[in-house]
Amino acid sequence: MAATPIAPLDLIAADSLLSEEERAIRDTVRTYLDAELRPHIADWFEAGDLPVRDLAKGLGALGVLGMHLEGYGCAGTNAVSYGLACLELEAIDSGIRSLVSVQGSLAMFAIWQHGSEEQKQQWLPALAAGEAIGCFGLTEADFGSNPSGMRTAAVRDGDDWVLNGTKMWITNGSVADVAIVWAQTDDGIRGFVVPTSTPGFSANTVKHKLSLRASVTSELVLEGVRLPADALLPHVRGLKGPLSCLSEARFGIVFGALGAARDSLESAIDYALNREQFDRPIAGFQLTQKKFADMTLELQKGYLLAMHIGRLKDEGAVTPQMISVGKLNNVRESIAIARESRTILGGNGITLEYPMMRHASNLESVLTYEGTSEIHTLVIGEALTGLAAYR
Ligand SMILES: Cc1cc2nc3c(=O)[nH]c(=O)nc-3n(C[C@H](O)[C@H](O)[C@H](O)COP(=O)(O)OP(=O)(O)OC[C@H]3O[C@@H](n4cnc5c(N)ncnc54)[C@H](O)[C@@H]3O)c2cc1C
């Protein structure tokens with residue numbers, strides 16, 4: 001049975017690809033976010049601050065924190081439902097989606113996939129409920145695209161581990177209760193579950209951001225952080241540990257970025273229908289309609305790509321190369337849509353009264369984090385040629 005599109009932009013009825021349950025989850029998330037978060041997002045963005053703790057409790061009750069994980073208080077939905085939630089979260093703001101991505105796909109997934117039973121019991125229910133906040137420390141100031149060079153080190157001292165180093169650009173860092181920290185050991189790169197109350201751990205919030213202002217971004221400082229032996233994530237060694245988590249978060253971005261694009265385009269169409277120049281709505285000008293048509297094509301193609309990758313993920317058949325295709329394309333097209341939508345508003349488009357400029361500036365971060373667009377290009381280049389151009 002053909003579905004009634006929830007969005008007027010769904011010209012090809014892509015909504016009909018969703019099950020009843022997926023549609024219900026998507027609609028529930030959208031309704032909650034529109035009522036609870038949308039009225040405040042421009043103010044949070046302008047203030048450069050986000051009430052993460054309050055929001056996390058609401059998002060936990062909504063069931064979106066770690067929603068695609070099974071057990072331990074997590075909702076256990078399929079990957080497509082998680083993607084749809086990310087799309088709705090990013091239709092509010094990329095900073096809100098980042099909060100949820102880092103909590104669920106990076107911090108919680110690391111523990112869920114690579115942690116001990118005790119670590120899971122201790123942290124996952126609280127993180128799923130939003131009663132605890134998690135962060136994920138991989139990047140360092142001198143090692144972003146190439147995390148294998150990280151200098152943060154963990155050394156054995158008796159049964160304990162002692163961690164020293166700094167991490168940079170860590171989402172939720174200053175508000176986190178627990179940090180997943182990746183460090184060099186004599187056994188290669190290993191992950192550690194670090195309660196942020198541990199002596200020697202501190203976090204400094206990054207100020208003066210012009211992107212993702214409604215998101216907490218931090219430097220983590222670890223000075224002689226002493227942890228018991230059981231703080232180590234026991235089930236993974238090497239860079240494949242953090243990369244497995246990044247694949248999860250990147251999947252969310254394949255869907256998520258389209259939310260920022262959809263919100264920009266919807267707002268631009270609404271504005272253009274109501275704004276008159278030369279005694280007629282600017283929506284009636286051919287140049288404006290060409291912009292709308294081109295943006296709609298990319299939005300719908302991006303959605304089909306996301307859905308295809310989502311279905312493959314649910315079948316267990318997704319590869320990192322597929323996720324690179326999705327992330328590279330959908331973030332690139334979404335930022336182009338946000339910028340083009342901005343032009344339709346003329347001067348009004350540069351204010352926080354309308355969402356496009358905020359989305360476009362946020363998507364600058366999304367283009368860079370979780371693998372830059374250049375690195376995803378090289379992943380695809382390697383898949384096509386067999387030649388790795390990274391180094
Ligand atoms: C708002 C925000 C939030 C973030 N949150 C987190 C987080 O929660 N946890 C975390 O661990 N990290 C996080 N990051 C870090 C993010 O993942 C890194 O910024 C990203 O990996 C890029 O690293 P870099 O900034 O050091 O840039 P660099 O690696 O220095 O790259 C600079 C430029 O050089 C290009 N480049 C690098 N190597 C190559 C190459 N081999 N070939 C071609 N071009 C190349 C890059 O594509 C880029 O254009 C966040 C970043 C931001 C901005």
Side-chain angles (χ1 to χ4, degrees), residues 45 48-50 52 90 93-110 133-152 165-176 178-183 189 191-192 194 196 203-222 239 241-250 252-253 256-257 260 324 327-328 331-332 335 358-382 385 387-391:
F45 185 96
D49 204 5
L50 193 69
V52 174
E90 201 147 355
D93 194 273
S94 303
I96 305 293
R97 200 266 308 136
S98 298
L99 190 174
V100 172
S101 289
V102 168
Q103 179 94 346
S105 286
L106 294 180
M108 291 175 71
F109 181 82
I133 308 291
C135 71
F136 183 88
L138 176 64
T139 304
E140 299 183 0
D142 292 335
F143 297 94
S145 298
N146 179 23
S148 63
M150 69 175 66
R151 292 201 189 98
T152 299
T166 56
K167 297 287 178 182
M168 190 55 188
W169 302 115
I170 307 308
T171 303
N172 296 348
S174 334
V175 289
V178 60
I180 304 302
V181 175
W182 300 93
I189 291 172
F192 294 85
V194 184
T196 57
N204 304 307
T205 304
V206 177
K207 299 286 187 195
H208 309 303
K209 286 183 300 173
L210 294 174
S211 174
L212 277 198
R213 289 183 57 76
S215 175
V216 175
T217 312
S218 314
E219 175 195 43
L220 308 185
V221 180
L222 300 111
L239 211 52
L243 291 183
S244 67
C245 306
L246 290 173
S247 251
E248 292 294 299
R250 287 167 182 167
I253 294 172
S324 287
K327 196 218 173 213
L328 178 62
V331 179
R332 183 157 70 188
I335 199 169
R358 176 169 54 79
H359 285 313
S361 95
N362 282 337
L363 288 166
E364 294 290 344
S365 288
V366 182
L367 206 58
T368 285
Y369 70 20
E370 305 283 354
T372 67
S373 51
E374 292 80 7
I375 293 296
H376 288 295
T377 301
L378 298 183
V379 170
I380 294 167
E382 184 181 6
T385 65
L387 303 173
Y390 310 96
R391 52 188 91 231

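In what follows, residues are counted from 1 in the order of the sequence shown. Order of listing sets the numbers, starting from 1, for every ligand and every atom in it. Just so it is clear, the values below take in all heavy atoms, side chains as well, and ignore hydrogens, waters and symmetry mates.
Numbered from 1 in the order shown, with element, the atoms of ligand 1 that lie under 4.0 Å from a heavy atom of Tyr369 read 2 (C), 3 (C), 4 (C), 16 (C), 17 (O), 50 (C), 51 (C). Short contacts between ligand 1 and Thr372, defined as distances under 4.0 Å to a heavy atom of the residue, involve ligand atoms 22 (C), 46 (C), 47 (O). Remark: ligand 1 atoms within the under-4.0 Å shell around heavy atoms of Ile170 are 7 (C), 8 (O), 9 (N), 10 (C), 11 (O).
Nearest non-hydrogen protein atom to atom 42 (N) of ligand 1 is Leu378 CD1, 3.3 Å. Nearest non-hydrogen protein atom to atom 23 (O) of ligand 1 is Gly144 CA, 3.2 Å. Atom 19 (O) of ligand 1 has its closest protein heavy atom at Thr368 CG2, 3.8 Å. The protein heavy atom nearest to atom 1 (C) of ligand 1 is Leu212 CD1, 3.5 Å. For atom 8 (O) of ligand 1, the closest non-hydrogen atom of the protein is Thr171 N, 3.0 Å. The closest protein non-hydrogen atom to atom 41 (N) of ligand 1 is Tyr390 O, 2.8 Å.
Under a 3.5 Å cut-off, the side chain of Thr196 and the backbone N or O of Ala176 do form a donor-acceptor pair. Side-chain atoms of Lys209 do not come within 3.5 Å of backbone N or O of Val216 as any donor-acceptor pair. The backbone N or O of Phe109 sits nowhere less than 3.5 Å from a side-chain atom of Glu248 that would complete a donor-acceptor pair. Looking at Ser361, its side chain does come within 3.5 Å of a backbone N or O of Leu210 through a donor-acceptor pair. Side-chain atoms of Thr152 do not come within 3.5 Å of backbone N or O of Gly165 as any donor-acceptor pair. The backbone N or O of Gly134 lies less than 3.5 Å from a partner atom in the side chain of Gln103, making a donor-acceptor pair. A distance-only check finds a donor-acceptor pair linking the side chain of Ser244 to the backbone of Gly241 [under 3.5 Å]. Judged purely by atom type and a 3.5 angstrom limit, Ser94 has no side-chain atom pairing as donor or acceptor with the backbone of Glu90. Side-chain atoms of Lys167 come within 3.5 Å of backbone N or O of Trp182 as a donor-acceptor pair.
With atom 44 (N) of ligand 1 as the reference point, the heavy atom nearest to it among Glu370, Arg213, Glu374 is part of Glu374. Across the listed options Ile375, Asp142, Val206, Asn362, Ile375 owns the non-hydrogen atom lying nearest to atom 45 (C) of ligand 1. Nearest to atom 11 (O) of ligand 1 by heavy-atom distance, out of Thr139, Ile180, Leu246, is Thr139. In this structure, of Pro242, Ala176, Ser145, the residue bringing a heavy atom nearest to atom 37 (C) of ligand 1 is Ser145. Of the candidates Trp169, Phe143, Phe136, Trp169 brings a heavy atom nearest to atom 50 (C) of ligand 1.
Between Leu138 and ligand 1, at least one N/O pair is under 3.5 Å apart.
The proximity of Asn146 to ligand 1, defined as any non-hydrogen pair under 4.0 Å, does not occur for either the backbone or the side chain.
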Exercise for the section: Determine, step by step, whether Leu138 and Met150 satisfy the side chain to side chain contact (heavy atoms under 4.5 Å, CB included) criterion, reporting the C-alpha distance in whole Å, the side-chain angles of both residues, the deciding distance to 0.1 Å, and the verdict. Expected result: CA-CA 8 Å; Leu138 176 64; Met150 69 175 66; 3.5 Å; yes
